[in-house]
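Letters A, B, ... are given to chains in the order of the sequence lines, protein chains preceding strands, and every chain is numbered from 1.
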There are 2 protein chains.
Amino acid sequence: MGNKEQDACRAWQLLIKFYFVHRRELPAAETDCDLSPAQCHVLHLIEPGQPIPMGRLAELLSCDASNVTGLIDRLESRGLVQRRPLEHDRRVKALDLTPAGLHVRAQLLRHMTRRPLPLSRLSPEDQRTLVRILQRLVE
Amino acid sequence: MGNKEQDACRAWQLLIKFYFVHRRELPAAETDCDLSPAQCHVLHLIEPGQPIPMGRLAELLSCDASNVTGLIDRLESRGLVQRRPLEHDRRVKALDLTPAGLHVRAQLLRHMTRRPLPLSRLSPEDQRTLVRILQRLVE
DNA sequence: TATTGTTATACTCTATAACTATA
DNA sequence: TATAGTTATAGAGTATAACAATA
């Protein structure tokens with residue numbers, strides 16, 4: 001029967017609810033770092049030492065490329081991000097974190113993972129189980 | 001020891017990652033319904049038959065009250081939401097869904113729960129376990 | 001006087017369309 | 001001609017501060 005479907009659907013609904021409930025907690029971490037949600041997302045996506053083309057970033061953000069221009073303009077003017085044209089194709093501009101950007105990104109990740117409060121309601125076994133299941137979901 | 005802390009922290013990080021990965025999938029459901037993310041959030045929060053004061057909505061959205069004014073202006077001009085002053089305290093304006101709003105909200109929830117795809121990777125047992133654990137998290 | 005919501009203002013985020021530079 | 005990114009424009013989302021109406 002469709003029990004498996006039902007469980008998957010129910011889990012999906014719960015994850016969405018969790019998403020909504022906590023989408024209002026994450027911004028606290030973001031404003032702690034003086035970043036807008038979009039800027040936070042960008043910093044999260046630019047992995048240290050792995051320059052990423054602007055177009056690829058637009059894909060990951062699911063937004064228009066024109067958007068990325070302004071987003072990066074602001075981060076660059078704050079000294080957190082650098083544009084550099086690729087040697088073999090000068091149309092492409094690769095983004096990388098500056099030292100200051102690295103620092104803010106690390107701070108952001110610390111702040112975002114600072115409050116696992118609702119999770120402490122779970123038993124140790126459930127916490128381990130949740131970790132195992134989620135790892136499979138996001139891999 | 002700190003194992004419990006570690007598991008809670010790890011689970012939190014994974015949920016955040018899940019949040020980021022899927023924050024770009026949910027907007028598809030939102031634009032299907034021709035709603036912005038914020039409008040989607042509002043419709044999600046106004047439960048059918050349970051009028052909610054504007055200030056309470058600002059709390060739930062974790063945003064300034066002045067924001068809610070514009071947000072509701074736009075939804076009201078589209079005929080999805082109604083403002084009504086409470087009889088016993090006419091400062092307070094309670095929000096309720098119109099019939100059209102009810103319809104769009106139901107459509108939105110359907111679209112949002114339409115794709116439990118990554119969840120189908122999990123075994124039936126894991127799906128049930130995930131449901132049980134998440135229920136405790138969002139209750 | 002205190003509270004609820006609105007208005008005015010300014011900035012960020014977002015998409016569309018037209019454009020520039022490079023390939 | 002096609003692609004990567006930018007610019008111009010317009011509308012939505014957001015916060016702060018000053019305001020109006022009600023309590």
Side-chain angles (χ1 to χ4, degrees), chain A residues 20 23-46 51-78 80-96, chain B residues 20 23-46 51-78 80-96:
Chain A
F20 275 122
R23 133 150 122 179
R24 65 175 204 269
E25 286 190 9
L26 287 183
E30 294 166 351
T31 56
D32 279 353
C33 299
D34 196 27
L35 295 169
S36 71
Q39 289 171 342
C40 165
H41 201 172
V42 169
L43 246 55
H44 193 258
L45 288 174
I46 303 182
I52 180 177
M54 298 190 63
R56 174 64 183 145
L57 190 58
E59 272 179 30
L60 292 176
L61 291 167
S62 301
C63 75
D64 192 85
S66 64
N67 230 324
V68 175
T69 298
L71 224 34
I72 297 302
D73 280 350
R74 287 182 285 274
L75 287 172
E76 197 172 35
S77 74
R78 285 178 56 179
L80 302 180
V81 165
Q82 278 180 333
R83 287 166 161 102
R84 241 177 316 174
L86 295 187
E87 295 94 18
H88 51 285
D89 184 347
R90 304 246 300 285
R91 291 173 306 178
V92 178
K93 297 185 188 170
L95 302 172
D96 206 353
Chain B
F20 275 122
R23 129 152 124 181
R24 65 175 204 270
E25 286 189 10
L26 287 183
E30 294 166 351
T31 55
D32 279 353
C33 299
D34 195 27
L35 295 168
S36 71
Q39 289 171 342
C40 166
H41 200 172
V42 169
L43 246 55
H44 193 256
L45 288 173
I46 303 181
I52 180 177
M54 296 190 63
R56 174 63 183 145
L57 190 58
E59 272 179 30
L60 292 176
L61 292 168
S62 300
C63 75
D64 193 83
S66 64
N67 231 325
V68 175
T69 298
L71 224 34
I72 297 303
D73 280 350
R74 288 181 284 273
L75 287 172
E76 197 173 35
S77 75
R78 285 177 55 178
L80 302 180
V81 164
Q82 277 181 333
R83 285 166 162 103
R84 240 178 319 173
L86 295 187
E87 294 93 19
H88 52 285
D89 184 348
R90 304 246 300 283
R91 291 173 306 178
V92 179
K93 297 185 187 169
L95 302 171
D96 206 353

Are more than 12 heavy atoms, taken from residues, nucleotides or ligands other than A:Arg84, located less than 6.0 Å from that residue's CZ atom? no

Run A:Arg83 and A:Asp73 through side-chain contact (heavy atoms from CB on, under 4.5 Å) and show every step you take. CA-CA 9 Å; A:Arg83 287 166 161 102; A:Asp73 280 350; 2.9 Å; yes

Taking atom P of D:dA2 as reference, at what distance in whole Å does atom CG of A:Asp89 sit? 17 Å

What is the distance, to the nearest angstrom, from the CG atom on A:Leu61 to the P atom on C:dT14? 7 Å

Picking from D:dA15, D:dA23, D:dA12, which would you name as closest to the side chain of B:Asn67? D:dA15

As an exercise, state the distance from CG of B:Leu60 to CD1 of B:Ile52, rounded to the nearest 0.5 Å. 5.0 Å

With sequence neighbours left out, the residues meeting salt bridge (charged side-chain N to carboxylate O under 4.0 Å, His left out) with B:Arg90 are none

Could you tell me the separation between the NE2 atom of B:His88 and the C1' atom of C:dT4, rounded to a whole number of Å? 13 Å

A:Arg90 side chain: which of C:dC13, D:dG13, C:dT22 is closest? C:dT22

Of the candidates D:dG13, C:dT6, C:dT14, the side chain of B:Leu71 sits closest to D:dG13

Residue-phosphate contact under 4.0 Å: A:Arg74 side-chain N/O, C:dC11 OP1/OP2: no

If you define the side chain from C-beta out and look only at heavy atoms, does anything of B:Leu61 sit under 4.5 Å from B:Asn67? no

May I have the distance from A:Gln39 (atom CD) to C:dT14 (atom C1'), rounded to whole angstrom? 14 Å

How is B:Asp64 classified with respect to the nucleic acid when contacts are heavy atoms under 4.0 Å: base, sugar-phosphate, or nothing? base

Across the strands shown, which category fits A:Arg56 at heavy-atom distances under 4.0 angstrom: base, sugar-phosphate, nothing? nothing

A:Asp73 has an atom CG; how far is it from atom P of C:dT14, in whole Å? 14 Å

The answer to which of A:Gly70 and B:Ser66 contacts DNA chain C further toward the 5' end, by nearest nucleotide, is B:Ser66

Just compare D:dT14, C:dT12, C:dA23 and give me whichever is closest to any side-chain atom of B:Cys63. D:dT14

Between B:Lys93 and C:dT6, is there a side-chain N or O to OP1/OP2 distance below 4.0 Å? yes

If you take atom types as modelled and just measure distance, does the side chain of A:Arg91 reach the base of D:dT3 with a donor-acceptor pair under 3.5 Å? yes

Between P of C:dT6 and CD of B:Glu76, the distance in whole Å: 9 Å

Would you kindly give the CG-to-P distance between A:Leu57 and C:dC13, to the nearest whole Å? 13 Å

What about B:Ser36, does its side chain sit under 3.5 Å from the base of C:dT14 through a donor-acceptor pair? no

How long is the line joining CD of A:Glu59 and P of C:dA15, in whole Å? 14 Å

